[in-house]
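A, B, ... follow the sequence lines: proteins, then strands. Residue 1 opens every chain.
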Protein chains: 2
Amino acid sequence: MNASVNMPITRERIVNASWELLRECGIEQFTMRKLAKQLDIKAASLYWHFQSKQQIFQFLANEIAQKVVLSAQNEGDWKEQLYRFGNHFRNQLEKYPCSAHLMIQTVPSGAQYIDLINHMLKIVEPLPISDRRKFSSIACVLNFVLSFELDKYQQHKNDVAMKGVRQEIEPTVGNLPEPLRRMYLNGVFSDLGSDSMFQTGLKILIFGIEQLSMTEKET
Amino acid sequence: MNASVNMPITRERIVNASWELLRECGIEQFTMRKLAKQLDIKAASLYWHFQSKQQIFQFLANEIAQKVVLSAQNEGDWKEQLYRFGNHFRNQLEKYPCSAHLMIQTVPSGAQYIDLINHMLKIVEPLPISDRRKFSSIACVLNFVLSFELDKYQQHKNDVAMKGVRQEIEPTVGNLPEPLRRMYLNGVFSDLGSDSMFQTGLKILIFGIEQLSMTEKET
DNA sequence: ACCTGAACACCGTTCAAGT
DNA sequence: ACCTGAACACCGTTCAAGT
C-alpha cells in the first residue's frame, strides 16, 4: 500500500499509517493486521515499536491533545477565550479521524493531556469560584466538545447504514409523539451535528459558568 | 451458573443474564460465549433469540430508556423539572452496569429512546426559544449525564488498573503545571465522579439554558 | 420450535527463530 | 536491532444437523 518500499519502520510511520487506517476503516475496524499490511510488514512486527494496540491509540490521542494546546491562542477575557477555545478544540478534532473516540478511550495520564486540562483551567482561573467548580466547568466544556463529535460520528455511521432504507423510518414519522414530531417535520434533526448546534451548546455552557460565578459572588 | 436447570431460554432470561454479565465483566469483556455459559447453553443458541450481540445491547439500552421515562415525574417549572430529571436520569443509569456505554453505542431509533427525547423536549417546551435551541439544550443535558457516567466508569477502570502502582504517578506530581498542581494537592481529583460535581455541571447547564432564553427574548 | 457441533473468518498478542 | 512464522487463546456469526 505504502509507496516506500524499503524505508525503515519508525514509530512515526506507524502513526501516520494509523491515521490513514482510522480514516478508511473507522476505529471499530482498526486492526493490527490491517495496520501492518498498510506498512508492508507483519502484525507481530508492530509489537517491537508499540507494546499494544491500546498504546498506539494513547499515542494518537496525545498527539491530538498536543496539537490543540500548541495552536491555541488566548486573547480577550475568559468568556472570549473559552468560546474561542471550544471552537478551536472542535476544529482540531475534526481534522483527525475518530479523534473523539481516541480521546475518550484514553486515560488522561499523558503529559499532553495534562497540558490540555491545564490550559483550560488557566482560562477559568480568574473566575471567583472554588477550585472544584472551576474543574467542573472545564470538564463540562471538554465533555461537551467530545460528545458532540462522538454523536456526529455515530450519526454518520447510522446514515451510511440506513442508505436507501429510508422506507423503514418514514412510516414511523406518523406516530412520533409531540413535540418531537413537529421538530422532525421542521427539519431540526437534519442539522444534528451542525455548527449552529455546536455554537448554541457552547453558549449555554459559557452562560451557565458565568451565572455560576455570579451567584457564588453573592454568598 | 444459573440455578434453573431446565427452564426454557427466553428473551427475558437472556436479558437478565446480560445484566449480570455486564456487572461482572464490564462491556469490553462481554462475550456471547460467556453469556451462553451463564445460561448453560451454547453460544450459537443465543442467535435464535437475538440476531446479534449488538441487538442485545440495543435491547438493554431501550430497557434503560424505558425505565427512565416511566419513573420520571414532572412537577414545578421547567428549571425544577430539568434539574429533577437530570438527577433522576443519573440515578437510573447508576442502577444498571455500563448503562452509559450502552446508551451511547446505541442508535436512538427505539421507541423508548424516542420517548426519552420527547420527555425532555416537553420540559423545555414552554421556553421562548426556537425549536433548534430547545433541541440543543436537551442534547446538552443528555450528553452531560451520559458522559459524566462514562467518565466515572473510565476512572474506576483506571483505579483498579493502577492498584498499588501509585509510585508511577506520585513522582510526576512534582512537575504538574499550575494551576493543575494546586488543584491536585487540594484533592479536587478525588471527587471526580462525585455528586457535587454532577450538581455543579447540571446547574451550569440549566443556568445557561435560562440565560439563552433571556437573551433570545430581547431580540 | 429450539438447541448444538463444527466450522469460518477473523481478532490481539507472544515468542522462538531468523537476519 | 528489527522482523517473521507459527502458534495461542480467544472472538462473532452461520448453518446443517439434531431433538
Side-chain angles (χ1 to χ4, degrees), chain A residues 1-22 24-61 98 101-102 104-107 157 161, chain B residues 1-22 24-61 98 101-102 104-107 157-158 160-161:
Chain A
M1 302 237 168
N2 248 328
S4 49
V5 184
N6 257 341
M7 260 176 74
I9 302 298
T10 61
R11 250 163 176 263
E12 202 200 340
R13 282 192 64 210
I14 294 176
V15 167
N16 288 340
S18 296
W19 287 125
E20 212 174 309
L21 188 59
L22 280 173
E24 285 166 13
C25 303
I27 199 163
E28 44 280 291
Q29 311 272 15
F30 184 103
T31 278
M32 294 302 265
R33 286 170 160 89
K34 282 187 198 160
L35 179 57
K37 189 167 263 177
Q38 198 134 155
L39 291 158
D40 254 318
I41 57 176
K42 301 298 164 189
S45 313
L46 292 167
Y47 288 83
W48 198 89
H49 302 275
F50 286 96
Q51 64 179 276
S52 69
K53 177 176 165 177
Q54 188 56 50
Q55 226 213 32
I56 296 180
F57 284 169
Q58 287 267 2
F59 192 93
L60 299 177
C98 308
H101 282 263
L102 290 169
I104 277 187
Q105 287 193 347
T106 265
V107 283
K157 244 185 14 183
Chain B
M1 301 241 169
N2 247 329
S4 50
V5 185
N6 257 342
M7 260 176 74
I9 303 298
T10 61
R11 251 165 176 261
E12 201 198 341
R13 282 192 64 211
I14 294 177
V15 168
N16 288 340
S18 296
W19 287 125
E20 213 174 308
L21 188 58
L22 281 173
E24 285 166 12
C25 303
I27 199 164
E28 44 280 291
Q29 311 271 15
F30 184 102
T31 278
M32 294 302 265
R33 285 170 160 89
K34 282 187 198 160
L35 179 57
K37 188 167 265 176
Q38 199 135 155
L39 291 159
D40 253 318
I41 55 175
K42 301 298 163 189
S45 312
L46 291 167
Y47 288 84
W48 198 88
H49 302 274
F50 285 96
Q51 64 178 278
S52 69
K53 177 175 164 176
Q54 188 56 52
Q55 227 214 32
I56 296 180
F57 284 169
Q58 288 267 1
F59 192 94
L60 299 177
C98 309
H101 282 264
L102 290 169
I104 278 187
Q105 287 192 347
T106 265
V107 284
K157 243 183 19 182
N158 296 351
V160 295

Identify each atom pair where a protein N or O and an N or O of nucleotides 2-5 of chain C are less than 3.5 Å apart, giving names and distance.
from	atom 1	to	atom 2	distance (Å)
C/dC3	OP2	B/His49	NE2	2.7
C/dT4	OP2	B/Lys42	N	2.8
C/dT4	OP2	B/Ser45	OG	2.4

| query | Can we say A/Lys34 and A/Glu24 salt-bridge, meaning some charged N sits less than 4.0 Å from an Asp/Glu carboxylate O? | reply | no

| field | C1' atoms of D/dA7 and C/dC11, separation to the nearest Å | value | 14 Å

| field | 5' priority, DNA chain C, between B/Arg33 and A/Arg33 [closest heavy atom] | value | B/Arg33

| task | Examine distances only and state if a side-chain atom of B/Arg13 and a backbone atom of B/Leu39 form a donor-acceptor pair shorter than 3.5 Å. | result | no

| query | Sub-3.5 Å donor-acceptor pair from the side chain of B/Lys37 to the main-chain atoms of B/Met32, do we have one? | reply |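 Not at all, since once roles are kept as given, no pair shorter than 3.5 Å links the two residues.
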
| query | Does some side-chain heavy atom of B/Leu60 sit less than 4.5 Å from a side-chain heavy atom of B/Ser18? | reply | yes

| Beyond-backbone contact of A/Ile56 with A/Val15, side-chain heavy atoms, under 4.5 angstrom |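 A side-chain contact under 4.5 Å is absent here.
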
| request: Go through the structure and list residues passing ring-ring contact (aromatic ring centres under 6.0 Å, His included) with A/His101, not counting sequence neighbours. | output: A/Tyr153

| field | Residues forming a ring-ring contact (aromatic ring centres under 6.0 Å, His included) with B/Trp19, sequence neighbours excluded | value | B/Tyr96

Using whole Å, report how far [atom1] of [X] lies from [atom2] of [N].
{"X": "A/Phe30", "N": "C/dC10", "atom1": "CZ", "atom2": "P", "answer": "18 Å"}
{"X": "B/Glu28", "N": "D/dC10", "atom1": "CD", "atom2": "C1'", "answer": "16 Å"}
{"X": "B/Leu35", "N": "D/dC11", "atom1": "CG", "atom2": "P", "answer": "12 Å"}
{"X": "B/Lys34", "N": "D/dC10", "atom1": "NZ", "atom2": "P", "answer": "9 Å"}
{"X": "A/Met32", "N": "D/dC8", "atom1": "CE", "atom2": "C1'", "answer": "17 Å"}

Looking at [X] and [Y], what are the two nearest heavy atoms and their distance?
{"X": "B/Ala61", "Y": "B/Leu102", "answer": "CB-O, 3.8 Å"}
{"X": "A/Phe30", "Y": "A/Lys53", "answer": "O-NZ, 2.8 Å"}
{"X": "A/Ile27", "Y": "A/Cys98", "answer": "N-SG, 3.5 Å"}

| query | Where are the stems of DNA chain D, defined as at least 3 consecutive Watson-Crick or wobble G-U pairs with both distances under 3.5 Å? | reply |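 Listed by first number, the stems are C:4-8 with D:12-16, C:12-16 with D:4-8.
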
| task | Using a 4.0 Å heavy-atom cut-off across all strands, classify B/Phe50 as base, sugar-phosphate, or nothing. | result | nothing

| request: Please work out which residues in residues 51-60 of chain B have a non-hydrogen atom less than 4.0 Å from an atom of DNA chain D and list them by number. | output: B/Ser52, B/Lys53

| request: Just jot down the side chain to side chain contact (heavy atoms under 4.5 Å, CB included) partners of B/Ala36, sequence neighbours excluded, or say none. | output: B/Ile41, B/Ala43, B/Leu46

